[in-house]
Structure formats: C-alpha cells, structure tokens
Amino acid sequence: MRISIIGVGLLGGSFGMAVRKAGVADRVAGVDLDPVTLERARERGAIDEGFLDLAEGVAAADVVVLATPVRSILEMLPVLTPVLGRETILFDLGSTKEAIVCAAAGLAGITRYVGGHPMAGTEHSGIEHADDGLLRGATFALVPPPEVDDGAVDLLTDLVRRIGAHPVVISAERHDRIVSVTSHLPYLLSVVLALAAESMARGEDRLGAFTASGFRDTTRLAASNVRVMADICLTNRRPLLRAVEEARRLLDDLAAQIEQGNETELVRMLTRAKDGRASVSGERRTD
C-alpha cells in the first residue's frame, strides 16, 4: 500500500509514524508547504519522502490522508479532485465531520471518500511533538458518506486496527454531536477559565503564585493550536452551541445553590458530577 499524508504536523506525523512502525504501507509520502517540516518529518520517521507539489505527492497513492485544520481540508477537496486516481481512497483526520462529508459528497471526482477522526491529541502542535504511540488505544471514528464504499471502509478499518487504534463506524451527525460535549466544550471551558484568571491577574499580582496542578490541568486545553480550534468551533457550530447552552444552564444552577446556601442540592449536583465522570469515562470512582 502507498499512502500520502497531506500535512505532517502533530496528527499527520503521528499517523505516518504509526503506519510505518506497523509496516502497514510500502511507502509513506508527505505533502506540506514547508520544506523544513518535510525534512524533519523524514528525519523523525513519519514519512519516506516529502513533496511540496500536491499532484506529485499524491500520484499513484492508494490512500491519501488529509491531516490539516478542518477548513483547510474543505478548501483542498476541490483542488484534489482532478489529481486523484479513481481507485484512490481519500481519508481525512479532521476533528469535525459533517461539513467535510457533505463537501466531499458534492464533488463528482471524489468517488472513494471516508472521514476519520482519532480521539487522541495534545495541546501541542507540529512535527516535533509527533509520536508513534499517540493513536495507540484510541477510539478512531470512521465516518462514511451516505453512499458507503464498503471496500474503502473495510480497508481503513483494518489499517486503523493494525496501528493499534479502535475503529468505530459512526454517522457524521452523531459524531459531531458527541464530540461537541466530549472534546470541543472542554476546550471552551478551559479557555473561559484561563481568561477569567488572566482578567483577575491584572489587579492581583500574587495570582500566579497560587496556580497549582488543578489550574494547570483544567487550563491545559487552552494552550491548543488556535487555528485548529477556531476551525473546529466554526464547523461544528450548532452542536457546540447546544453544548454551551447546557453548560451555561448547569453553571447557573450551581451558582444559584451557592447563592442560596442550599447545601443539600449543591452536594447532590457535585455527587452526580463525580459519579457521572466515572461512569462516562470508564474510571472507577475513588472516595
């Protein structure tokens, strides 16, 4: 199998490393705008060769992987149409799926498309932070278009398993609704906390001395790549806004219990959150 990865940063680089380590492909090519990034990706073992030219980089590829921010993927789809082979499978790693699936379905030249999203990552970006174990053990969404290419889904399911991730076939709408709560809302809440602390720090010069692991853990996501996260927010708008509205309602409810000194209801909500976290994440509750 010959695989071409467009965008060899954190995710694309990690995918390439995992593919090469598992021996899934005979050749992994990288396509990027930056020659330094391509050279570093080759040095780190993410790709066998690098290309600045898109058409040259995807020529003769069996699978082309789009590993750029979501809106870059959307912009690239019509550009890729005339240079892909009819049997080439187009796969993307974008964090939101409905916009990409709809866009791909509207392009007659893209006949074998499957969306993807590995539930793995860090707040860091770039090829320097790529890791061949980043995707190991992760849930890996496979999101086919309405007209499913079973052969493409089967091939990608096998590929995902061979790099140590867990493939889950899911619709674009359902995927985006779920990750709005499990991935995108946590980022926004992290941003809000970081902004609140930054605002207080303007008038309280000792604030920094009192930030411990709790603050660092809960604001870690705010350090994520801004371009990537802005794309996510703007391409998953409706599900994310519904998640924000639910979070706002619950925060208002908590504030009301604190204001009223209602210990019984406050403890009930806190306990529900503690138990709910353990249940949703699969972790065992500890008291």
Side-chain angles (χ1 to χ4, degrees), residues 9-11 14 69-72 94-96 117-131 134 138 176-287:
L10 171 71
L11 199 51
S14 297
V70 176
R71 287 190 291 181
S72 291
S95 298
T96 64
H117 179 210
M119 298 303 297
T122 75
E123 71 275 22
H124 303 296
S125 60
I127 186 62
E128 294 299 336
H129 297 285
D131 180 354
L134 182 69
D176 286 3
R177 177 164 44 86
I178 290 172
V179 297
S180 71
V181 173
T182 63
S183 181
H184 309 160
L185 181 62
Y187 169 73
L188 289 185
L189 294 175
S190 181
V191 166
V192 168
L193 179 55
L195 289 172
E198 186 268 342
S199 180
M200 179 182 283
R202 293 179 206 160
E204 177 51 80
D205 61 6
R206 299 302 299 274
L207 184 142
F210 287 84
T211 56
S213 59
F215 179 82
R216 290 192 296 272
D217 290 347
T218 50
T219 57
R220 178 181 62 82
L221 293 176
S224 299
N225 185 296
V226 171
R227 165 71 195 285
V228 170
M229 297 312 301
D231 277 16
I232 287 171
C233 292
L234 294 174
T235 57
N236 200 26
R237 194 172 305 179
R238 283 175 294 181
L240 183 53
L241 287 175
R242 287 194 292 268
V244 168
E245 185 56 37
E246 177 65 4
R248 181 184 291 126
R249 182 188 69 78
L250 290 166
L251 190 58
D252 286 344
D253 198 359
L254 278 170
Q257 308 316 319
I258 294 169
E259 182 178 18
Q260 296 163 16
N262 188 342
E263 182 178 358
T264 300
E265 183 60 19
L266 178 62
V267 168
R268 187 194 71 79
M269 290 186 71
L270 298 179
T271 303
R272 177 186 162 198
K274 183 175 183 178
D275 292 345
R277 178 184 184 277
S279 173
V280 169
S281 66
E283 294 181 6
R284 178 177 294 179
R285 174 176 166 174
T286 57
D287 292 305

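Keep in mind the model is a prediction, meaning the values are calculated, not measured.
- Annotation: the span from Met269 atom CE to Asn262 atom CG amounts to 10.5 Å, rounded to 0.5 Å.
- Looking at heavy atoms from C-beta onward, Leu10 lies in side-chain contact with Thr122 at the 4.5 angstrom threshold.
- Considering all non-hydrogen atoms of both residues, Ser180 and Pro239 come closest at OG-O, 3.5 Å.
- In this structure, the separation between CZ on Arg177 and OG1 on Thr182 is 11.5 Å, given to the nearest 0.5 Å.
- Judged as a side-chain hydrogen bond (donor to acceptor under 3.5 Å, both in side chains), the pairs with a partner in residues 184-197 (not counting sequence neighbours) are, in order, His184-Asn236.
- The side-chain hydrogen bond (donor to acceptor under 3.5 Å, both in side chains) analysis of residues 195-213, with sequence neighbours excluded, yields the pairs Glu198-Arg202.
- Side-chain contact between Val244 and Leu185: present, with at least one pair of heavy atoms (C-beta onward) separated by less than 4.5 Å.
- Other residues, nucleotides and ligands contribute more than 12 heavy atoms inside 6.0 Å of the CD atom of Gln260.
- Ser279 places no side-chain N or O within donor-acceptor distance of the main-chain N or O of Asp275, the cut-off being under 3.5 Å.
- Taking CZ from Arg237 and CD1 from Ile232, the interatomic distance works out to 14.0 Å, rounded to the nearest 0.5 Å.
- Atom CE in Met119 sits 9.0 Å away from atom CD1 in Ile178 (nearest 0.5 Å).
- When all heavy atoms of Ala194 and Ala222 are compared, the closest pair comes out as CB-CB, 4.1 Å.
- Going from atom CZ of Arg71 over to atom CG of Asp231 covers 4.5 Å, rounded to the nearest 0.5 Å.
- The stretch residues 239-250 participates, sequence neighbours left out, in these side-chain hydrogen bond (donor to acceptor under 3.5 Å, both in side chains) pairs: Glu245-Arg248, Glu246-Arg249.
- With rounding to the nearest 0.5 Å, the separation of CG in Leu11 from CG in Asp131 is 12.0 Å.
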Stepwise side chain to side chain contact (heavy atoms under 4.5 Å, CB included) test for Leu195 and Val191: CA-CA 6 Å; Leu195 289 172; Val191 166; 3.8 Å; yes
Test side chain to side chain donor-acceptor pair (under 3.5 Å) applied to Ser72 and Arg227, step by step: CA-CA 10 Å; Ser72 291; Arg227 165 71 195 285; 2.8 Å; yes
Stepwise side chain to side chain contact (heavy atoms under 4.5 Å, CB included) check, Leu240 with Cys233: CA-CA 7 Å; Leu240 183 53; Cys233 292; 3.9 Å; yes
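- Of the possible donor and acceptor atoms, one in the side chain of Thr219 sits under 3.5 Å from a partner among the backbone N and O of Phe215.
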